[in-house]
Structure formats: C-alpha cells, structure tokens
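Heavy-atom basis, side chains included; hydrogens, waters and symmetry copies ignored. Here the structure is a predicted model, which is why all the values come from computation and not from measurement.
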Amino acid sequence: ADQEDDPEENVSNAREIVSYAKDDIEKLSESHSFQSHTARLDQAVDEIVKLASLRKKQEQDSTSAAADKTVSKIHNLYQEFAAAYSAKDLQGVTALISEEWLSADGSDITDLEDTLDNSFSVFDKVDYSASGLNIRPVENDNFEGKYKSRIVGHISEQGIRHEEERALIEIVGFQEG
C-alpha cells in the first residue's frame with residue numbers, strides 16, 4: 001500500500017518528524033520558548049493521530065456500507081428468483097443465472113433450461129422458497145449464498161404433489177448488463 005493510504009504509517013512518520021524537530025529546536029534554543037514549540041508540535045501530532053483514525057474509520061464504514069448494500073442486492077436476487085420460479089417464468093429464472101453456470105453434477109445452463117422447461121410444463125403449479133439464507137463474502141467480489149430450497153410441484157388434475165428440499169451453497173456475483 002502507498003504510504004499515503006496507510007494511516008498508521010503516516011502517524012509513525014509524523015511522530016518521527018516531530019522528534020527530529022524537537023531535537024533541532026532544543027539545540028537552537030535554550031530559552032523557555034522551546035517548551036511552547038514542543039507543546040505545539042505535540043498538539044500537531046495529536047491532531048494527525050485523530051485525523052488518521054477518523055480516515056481509517058471512514059474507510060471501514062464505507063467498505064461495510066458497500067458490503068451491506070451488496071448483501072441486500074443478493075437477498076433481492078433470491079426473492080426475484082423465487083418469484084420467477086413460482087411463476088414458472090423460464091426466461092425470468094435463467095436471466096438471473098450466469099451463462100457460465102455449472103451444477104455440482106456438471107450440468108450447464110442449457111441442461112438447467114431443459115429441466116425447468118420440462119418441470120414447468122408437467123406441473124400446473126409450482127411453489128419455490130428459499131429459507132435460512134446466509135451470505136458471506138468470498139474472493140473476487142463474489143459472495144457465497146448458503147440456504148435451504150423447497151420446491152413443491154402440483155398436478156391438480158391427478159391430485160399429485162411432489163416436494164423437494166435441498167441444502168444449497170452457491171457462489172453469487174453480479175455481471176455488467
């Protein structure tokens with residue numbers, strides 16, 4: 001990191017500069033004014049420390065706010081997914097999934113589209129829910145979403161009800177466009 005970006009390094013450097021300045025002042029002056037100069041230097045160091053601490057806190061708050069905003073967007077994404085799935089909206093579901101998506105069994109987005117298309121045409125009603133969603137940051141501005149999904153499909157004419165529950169872990173991120 002650049003020296004300018006490291007508040008602790010800036011404080012350390014400021015203290016070192018003040019120490020040298022005090023030594024220089026002491027050598028140049030035997031008068032009582034030395035004490036007032038060092039007092040002003042000490043005040044300056046205290047102010048630098050306060051400013052550096054404030055800057056560090058602002059950076060942490062900014063990072064935390066950005067993460068909170070992203071987590072909120074991910075919760076909304078899962079709500080949109082559940083609504084699209086329950087509406088049997090194939091395009092709505094697949095629009096929320098990366099073209100590069102792969103499942104644990106190696107299925108890709110085309111396989112998923114085929115499976116969903118079949119399920120949506122077999123069942124006249126589908127209910128999808130996600131519960132216990134836990135989101136945590138992982139590398140490359142992505143997040144891990146861990147939750148339990150529940151899918152209930154109904155074929156009313158035949159009185160059939162099919163239910164599936166799964167614990168899932170997914171990598172979630174946002175793409176441009």
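Grouping the Ile, Leu, Val, Met, Phe, Trp and Tyr side chains by contacts below 4.5 angstrom, directly or via other members, places Leu77 with Tyr85. Cluster membership for Leu102 and Leu112, using ILVMFWY side-chain heavy atoms within less than 4.5 angstrom, is not shared. Hydrophobic clustering keeps Ile171 apart from Phe143 (ILVMFWY residues linked when any side-chain heavy atoms are closer than 4.5 Å, directly or through intermediates). One hydrophobic cluster holds both Ile155 and Leu116 under the rule that ILVMFWY side chains link at heavy-atom gaps under 4.5 Å.
Looking at Lys73, its side chain never comes within 3.5 Å of a backbone N or O of Phe174 through a donor-acceptor pair. Checking side-chain atoms of Lys148 against main-chain N and O of Arg166 turns up no donor-acceptor pair under 3.5 Å. No donor-acceptor distance shorter than 3.5 angstrom exists from the side chain of Ser107 to the backbone of Asp111, with no hydrogens or angles considered. Formation of a donor-acceptor pair under 3.5 Å by the Asn140 side chain with backbone atoms of Asn142 is not found in this model.
Using a 4.0 Å cut-off between charged nitrogen and carboxylate oxygen, Lys146 and Glu144 do not count as a salt-bridge pair.
Contact of the Val126 side chain with the Val152 side chain is not registered, since no non-hydrogen atoms from C-beta on lie closer than 4.5 Å. Put simply, the side chain of Ile160 does not reach to within 4.5 Å of the side chain of His154, judged on heavy atoms. Between Asn134 and Tyr147, the closest side-chain pair of non-hydrogen atoms is not below 4.5 Å. At least one side-chain heavy atom of Leu133 sits under 4.5 Å from a side-chain heavy atom of Ile135.
Interatomic distance, OG of Ser131 versus CZ of Arg150, reported as 9.0 Å (0.5 Å rounding). Going from atom OG of Ser121 over to atom NZ of Lys88 covers 8.0 Å, rounded to the nearest 0.5 Å. Going from atom CD1 of Ile109 over to atom CD1 of Ile97 covers 4.5 Å, rounded to the nearest 0.5 Å. Distance CH2/Trp101 to CG/Asp108: 8.0 Å, rounded to 0.5 Å. Distance NE2/His75 to CD/Glu80: 13.5 Å, rounded to 0.5 Å.
Side-chain atoms of Glu170 and Tyr78 include a donor-acceptor pair closer than 3.5 Å. A donor atom on one side chain and an acceptor atom on the other are not found under 3.5 Å apart for Ser86 and Asp127.
In terms of heavy atoms, Ile151 sits closest to Tyr128 at CG1-CD1, 3.4 Å. The two residues Ala84 and Gly92 make their nearest non-hydrogen contact at CB-C, 3.8 Å.
Under a cut-off of 6.0 angstrom, the local environment of CG in Asp141 is sparse, with at most 12 non-hydrogen atoms contributed by other residues, nucleotides or ligands. Counting non-hydrogen atoms of other residues, nucleotides and ligands closer than 6.0 Å to CD of Glu164 gives a total above 12. Heavy atoms of other residues, nucleotides or ligands lying less than 6.0 angstrom from CD of Glu157 number 12 at most.
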